[in-house]
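Before any comments, here is the structure.
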Amino acid sequence: LSVIESSLSLRRTLLLIFKSKFEIIFAGDDCKNILKLIDQEVGKTWVDCIKIACRQKKFSQAQAFIAEAEIYCPQDLFIEKAKFYWIKDDANNALRILENNCEDLDQYEKSVLPEHKEKRELLAKARLNIAKYNAEVKNVDFETNRKLFEKAIAANNENEKCHLLLADY
């Protein structure tokens, strides 16, 4: 384990200890939001571990981390899962995961509500990865893929990476 993975593991352990103590002390509906926030943080630590394992090409470890992360349902897990499959040269699964989740997130594309900002950012990331992956494997024609880059920008116009990759494409 790397130092970062060890510190993520420590953080996860402390969060879970805090959660169990919190549940005992503050039993009831009042604490559900706090427990959900703790679970989100635990999920983020698993996603960070997935990123590290993928960078190090430790695929069996990354797959185990994905299984652990799924328990906590982090919102960006599908992005890392797609990257995992992409690194393993499984473009079909990577694209399928991204496209399925884009369908779920499409409803937030035009929303201007602040609470939907994270969903729009995820949608932009997913669309951007679809466009990048399609460009790399030459899955679709130039015009169709250009529109995919534009859709990523439409989801989150503030994302400079989307603009840069479209210009590069």
Side-chain angles (χ1 to χ4, degrees), residues 2 4-5 8-9 12 36-169:
S2 72
I4 296 171
E5 287 173 311
L8 288 170
S9 177
R12 207 171 24 254
K36 187 176 176 182
L37 288 172
I38 293 170
D39 282 345
Q40 286 175 356
E41 288 301 313
V42 171
K44 286 178 188 177
T45 64
W46 283 118
V47 169
D48 290 341
C49 286
I50 295 165
K51 290 176 184 178
I52 293 167
C54 284
R55 263 188 250 123
Q56 296 173 346
K57 306 263 191 254
K58 295 180 180 177
F59 299 127
S60 59
Q61 193 176 29
Q63 196 147 24
F65 292 154
I66 288 170
E68 290 290 339
E70 285 176 338
I71 296 168
Y72 299 97
C73 305
Q75 291 184 346
D76 58 342
L77 176 61
F78 77 95
I79 300 274
E80 294 310 317
K81 208 172 179 180
K83 287 179 183 177
F84 166 76
Y85 283 113
W86 183 257
I87 292 168
K88 285 184 63 178
D89 291 326
D90 188 350
N92 289 335
N93 269 330
L95 288 166
R96 181 185 50 76
I97 288 168
L98 291 169
E99 287 166 354
N100 288 346
N101 282 279
C102 278
E103 288 174 13
D104 296 338
L105 293 169
D106 276 340
Q107 61 185 317
Y108 301 104
E109 180 181 5
K110 296 190 186 333
S111 175
V112 293
L113 298 173
E115 60 265 20
H116 293 157
K117 184 176 193 240
E118 191 174 343
K119 300 272 190 192
R120 288 191 313 274
E121 289 170 353
L122 281 174
L123 179 59
K125 258 188 196 177
R127 285 180 176 170
L128 183 61
N129 282 337
I130 291 170
K132 281 182 358 188
Y133 296 168
N134 277 334
E136 209 166 304
V137 294
K138 295 175 180 32
N139 238 15
V140 294
D141 65 276
F142 176 83
E143 192 59 31
T144 303
N145 211 37
R146 185 183 62 75
K147 287 179 182 173
L148 285 170
F149 279 108
E150 289 174 351
K151 278 183 151 186
I153 291 170
N156 184 10
N157 195 29
E158 297 170 11
N159 188 335
E160 291 179 19
K161 190 173 183 179
C162 293
H163 291 281
L164 178 67
L165 288 174
L166 173 59
D168 188 43
Y169 183 70

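Residues take their numbers from the sequence shown, with the count starting at 1. Since the model is a prediction, treat every value here as computed from it, not as a measurement. Below, all heavy atoms of this structure are taken into account, side chains as well, without hydrogens, waters or symmetry copies.
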task = Using the salt bridge (charged side-chain N to carboxylate O under 4.0 Å, His left out) rule, take K147 and D141 through it: C-alpha gap first, then chi angles, then the decisive distance, then the call.
result = CA-CA 10 Å; K147 287 179 182 173; D141 65 276; over 6 Å; no
remark   = Interatomic distance, OH@Y133 vs CD@E99, rounded to 0.5 Å, equals 12.0 Å
inquiry  = How long is the straight-line distance from CD1 of I71 back to CD1 of I66, given to the nearest 0.5 Å?
reply    = 13.0 Å
note = Across all chains, not counting sequence neighbours, the ring-ring contact (aromatic ring centres under 6.0 Å, His included) partners of F59 are none
remark   = Sequence neighbours excluded, the answer for salt bridge (charged side-chain N to carboxylate O under 4.0 Å, His left out) partners of K36 is none
query = For G43 and P74, which heavy atoms make the closest approach, and how far apart are they?
reply = O-CG, 3.8 Å
message = Within the supplied structure, the quantity of interest is the number of heavy atoms (other residues, nucleotides, ligands) at a distance under 6.0 Å from L37 CG; does it exceed 12?
response = yes
query = What's the shortest heavy-atom distance between E109 and A155, and which atoms?
reply = CG-CA, 4.1 Å
message = By the salt bridge (Lys or Arg N to Asp or Glu O under 4.0 Å) test, which pairs, at least two apart or in different chains, include something from residues 159-169?
response = none
ask   = If you measure from NZ on K83 to CD1 on I87, what distance do you get to the nearest 0.5 Å?
value = 8.5 Å
query = Any ring-ring contact (aromatic ring centres under 6.0 Å, His included) pairs touching residues 110-131, not counting sequence neighbours?
reply = Y108-H116
request  = Would you confirm whether R127, through its side chain, and C102, through its main-chain N or O, come within 3.5 Å as a donor-acceptor pair?
outcome  = no
message = Would you compute the distance between atom CG of N129 and atom CG of L148 and round it to the nearest 0.5 angstrom?
response = 11.5 Å
inquiry  = So, using side-chain hydrogen bond (donor to acceptor under 3.5 Å, both in side chains) as the criterion, who are the partners of Q40 when residues are at least two apart?
reply    = none
key: Separation of L123 CG from N159 CG (nearest 0.5 Å)   = 11.0 Å
task = Please collect all side chain to side chain donor-acceptor pair (under 3.5 Å) contacts where either partner lies in residues 41-55, sequence neighbours excluded, each pair once.
result = R11-E41, R12-T45, E41-K44
Residue pair I52 / L8, side-chain heavy-atom distance below 4.5 Å = yes
ask   = Quick one: are I50 and L77 in side-chain contact, heavy atoms under 4.5 Å?
value = yes
note = Across all chains, not counting sequence neighbours, the salt bridge (charged side-chain N to carboxylate O under 4.0 Å, His left out) partners of R146 are E143, E150
message = Quick test of your reading: applying side chain to side chain donor-acceptor pair (under 3.5 Å), list the pairs with at least one residue in residues 63-76, sequence neighbours left out, ordered by first then second residue.
response = E70-K81
task = Start with the C-alpha gap between E158 and K117, add the side-chain angles, then the distance that decides, and say whether salt bridge (charged side-chain N to carboxylate O under 4.0 Å, His left out) holds.
result = CA-CA 11 Å; E158 297 170 11; K117 184 176 193 240; 3.7 Å; yes
ask   = Is the shortest heavy-atom distance from the side chain of F78 to the side chain of L105 under 4.5 Å?
value = yes
Contacts of type side chain to side chain contact (heavy atoms under 4.5 Å, CB included), residue A82, not counting sequence neighbours = A94, I97, L98
All salt bridge (charged side-chain N to carboxylate O under 4.0 Å, His left out) counterparts of D104, not counting sequence neighbours = none
ask   = salt bridge (charged side-chain N to carboxylate O under 4.0 Å, His left out) with E103: which residues, sequence neighbours excluded?
value = none
query = Which distance, rounded to the nearest 0.5 Å, do you find between the SG of C49 and the CD of Q61?
reply = 8.0 Å
ask   = Between N145 and F149, is a side chain to side chain contact (heavy atoms under 4.5 Å, CB included) present by the stated rule, with each step listed?
value = CA-CA 6 Å; N145 211 37; F149 279 108; 3.8 Å; yes
request  = For Y85, check ring-ring contact (aromatic ring centres under 6.0 Å, His included) against everything at least two apart and list the hits.
outcome  = none
query = How about W86 and K132: do any of their side-chain heavy atoms sit closer than 4.5 Å?
reply = no
remark   = In terms of heavy-atom contacts, N156 and R120 come closest through CB-O, 4.1 Å
